[in-house]
Amino acid sequence: MKKKNRKKIKDILSQCKEELEVFVMGWIRTRRDSKGEFSFLEINDGSCLKNLQVILDHSIDSYECNSVKLHTGSCVSVVGHLVNSPGKGQQLELQATLIEVYGEADPDHYPLQKKHHSFEFLRDIAHLRPRTNTFGAVMRVRNRLSFAIHNFFQDRGFFYLHTPIITTNDCEGAGEMFQVTTLNLDSTPIVNGKADYSQDFFGEKAGLTVSGQLEGEVYAMALSEVYTFGPTFRAENSNTSRHLSEFWMVEPEMAFYDLEDDMNLAEELLRYLFKDVLSYCIDDLEFFNKQIDKTILERHQGIIENQFERISYSEAIKLLDQSNKSFAYSVEWGSNLQSEHERYISEVVFKKPVIIFDYPEEIKPFYMKGNNDGKTVRAMDVLLPKLGEIIGGSQREDDYNALKNRMKLKNLSSDDYKWYLDLRRFGSAPHAGFGLGFERLVQYVTGMENIRDVIPFPRTPKNAKF
Ligand code: ATP
Ligand code: MG
């Protein structure tokens, strides 16, 4: 039998018809023996959630020599007749005529023996967890969402932009960058009491990007509509279920968009993605709806069918004031909204996604466009029930002098951002954009509680090993 004749289990199960000879490869999920005459193997090859049931008649030639190697976790290839199954739970089954073992999985040592393992346990074996139902399903959903993101933007004429991972500008002037250096940390060259970065690889202090936005703006000022979709790094010490040190961010940046256009695009994107994943990953989503969170399907349908609520930051503060709820962090006009506040507004007050806009100038970065009230900027955050913030965006300041003033107020050197100011000096245009945290999206779609369980190899404080 040639390898090219191999069929994926997904295709076998969806074609739904008997076949004289079929060749599959995959990993044994379970083995059950019956009366010493037959064995039932459940085989999974990752192509879909479902397993293929293989009936192994103990009288076939290849049974005897392979029998002791056929355990949970072993990798096999099977040739057989695909027939309608008399048993419950599956439509088709494969009656094996030949079985071969590629790799055995010693039952005394292979860790995935039970049906259910805790996610904490699985996090310690990130190299094996994709072989579980949950992590296989997360990966397939993650894959589909990535593809759908590209489809969404490509269909609308946006260009996919690769922004740098190593950068010398810190997007928000926040001190949460990982440093990139080839200096010897045991004997760093010191000049005037400070590390001498002129001797470093890039001749100046460099780090891993916290956002591709500023570079996105450069290309939006030439190609009109662009988007980035790449890894982002933040050295913040937030050990929450919604923060990673390395995560993927989707950042569209559009010339000729104002804040309202920006909010419309964010809403349209989310609705598109939920619709797409419901049609392409329904088996996996039904699995999550059953095993992880019984409200997922209903919530997704709600997102597709209902307009998001939009309220200003000032209105949000009023709602929180009137709530009579005691929050861990108190709020007053001018303070940052914490996740508990965001969730209260979307989960309790409106019970649907909410976009909050026009935030106080002091709590937002320098590049956001000021409103005429002199107090607020054209920022917006999209909040989802049960999750909190999933998108943060804004209309960007396009006026040269206003931007320069705001940089001064925030103690940023206009020399460092000369190129950024140039975008306003030469052919400036109104523009806007946002950042969507890709893992938060996968979290919301799958209902997975912890963000560490929706990225293949999570990086968090004190944890960057496999
Ligand atoms: P938060 O307040 O939750 O830390 P933020 O205001 O720092 O978010 P932005 O800088 O606006 O977030 O980034 C845009 C989006 O990126 C966020 O809306 C969120 O979805 C995602 N995001 C931000 N930080 C992280 C992180 N550490 N891990 C995973 N996703 C993140
Ligand atoms: Mg943050």
Side-chain angles (χ1 to χ4, degrees), residues 142 145 149 163 169-178 208-214 216 227-253 259 262-263 265-267 269-270 273 308 313 316 329 331 335-343 345-346 353-357 359-360 362-368 377-396 432-446 448-464:
R142 198 181 153 100
L145 285 169
I149 283 165
T163 47
N169 60 63
D170 173 344
C171 180
E172 318 212 342
E176 51 184 35
M177 260 194 160
F178 285 100
L208 296 178
T209 183
V210 295
S211 157
Q213 178 204 318
L214 301 192
Y227 68 104
T228 73
F229 182 6
T232 310
F233 308 86
R234 295 196 184 176
E236 54 197 354
N237 210 346
S238 26
N239 247 318
T240 75
S241 60
R242 302 176 312 122
H243 288 89
L244 289 163
S245 314
E246 176 181 296
F247 63 100
W248 285 64
M249 185 143 62
V250 182
E251 293 177 281
E253 192 68 37
L259 184 65
D262 201 32
M263 294 194 276
L265 185 77
E267 190 171 333
L269 169 65
L270 286 177
L273 294 176
F308 294 9
Y313 168 89
Y329 294 85
V331 270
S335 57
N336 255 316
L337 298 182
Q338 303 293 326
S339 160
E340 54 173 345
H341 309 127
E342 298 175 340
R343 288 186 54 173
I345 288 173
S346 59
V354 177
I355 308 184
I356 301 186
F357 58 89
Y359 281 76
E362 293 99 72
I363 58 170
K364 289 290 180 188
F366 72 96
Y367 50 72
M368 297 188 176
V377 287
R378 293 189 191 167
M380 63 102 174
D381 280 357
V382 181
L383 318 177
L384 296 183
K386 290 207 153 190
L387 184 82
E389 177 183 335
I390 188 165
I391 287 178
S394 65
Q395 184 173 340
R396 320 303 189 191
F434 60 79
L436 161 72
F438 183 61
E439 282 72 22
R440 295 215 185 146
L441 173 73
V442 182
Q443 246 189 306
Y444 193 77
V445 167
T446 57
M448 295 294 284
E449 285 264 318
N450 197 313
I451 198 163
R452 292 167 179 80
D453 298 329
V454 296
I455 186 163
F457 303 103
R459 269 79 183 100
T460 49
K462 301 276 183 288
N463 174 41

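These numbers were taken from a predicted model, which means no experiment stands behind them. Just follow the structure's listing: the first ligand is 1, and inside any ligand the first atom is 1.
Remark: of the listed residues R459, R452, R142, R142 is the sole one forming a salt bridge (charged side-chain N to carboxylate O under 4.0 Å, His left out) with E439.
Distance OG1/T163 to CZ/F229: 12.0 Å, rounded to 0.5 Å.
Of the candidates R440, Q338, R234, the one placing a heavy atom closest to atom 7 (O) of ligand 1 is R234. The closest non-hydrogen atom to atom 12 (O) of ligand 1, taken over Q443, R459, K364, E389, comes from E389.
By the criterion of a heavy-atom distance under 4.0 Å, the side chain of I451, and not its backbone, is placed next to ligand 1. Under 4.0 Å from ligand 1, the heavy atoms of E236 that appear belong solely to its side chain.
The distance criterion of under 3.5 Å between nitrogen or oxygen atoms is met by I390 with respect to ligand 1. The shortest N or O to N or O distance between L436 and ligand 1 is not below 3.5 Å.
Below 4.0 Å from some heavy atom of M249 lie the following atoms of ligand 1, by number and element: 13 (O), 14 (C), 15 (C), 16 (O). Atoms of ligand 1 lying under 4.0 Å from any heavy atom of G392, numbered from 1 in the order shown and given with element: 11 (O), 18 (O). When each atom of ligand 1 is checked for a heavy atom of I391 under 4.0 Å away, the hits are 18 (O).
Side-chain contact check for S211 and E251: at least one donor-acceptor pair (N or O, by modelled atom type) lies under 3.5 Å.
With sequence neighbours excluded, the residues satisfying side-chain hydrogen bond (donor to acceptor under 3.5 Å, both in side chains) with R378 are N371, Q395. Applying the ring pair (Phe, Tyr, Trp, His ring centres under 6.0 Å) test to Y227 and every residue at least two apart in sequence or in another chain returns H150, F153, Y160.
The main-chain N or O of G212 is never found under 3.5 Å from a side-chain atom of E253 such that the two would form a donor-acceptor pair.
Contact annotation: the side chain of E389 approaches that of R440 to within less than 4.5 Å [non-hydrogen atoms, C-beta and beyond].
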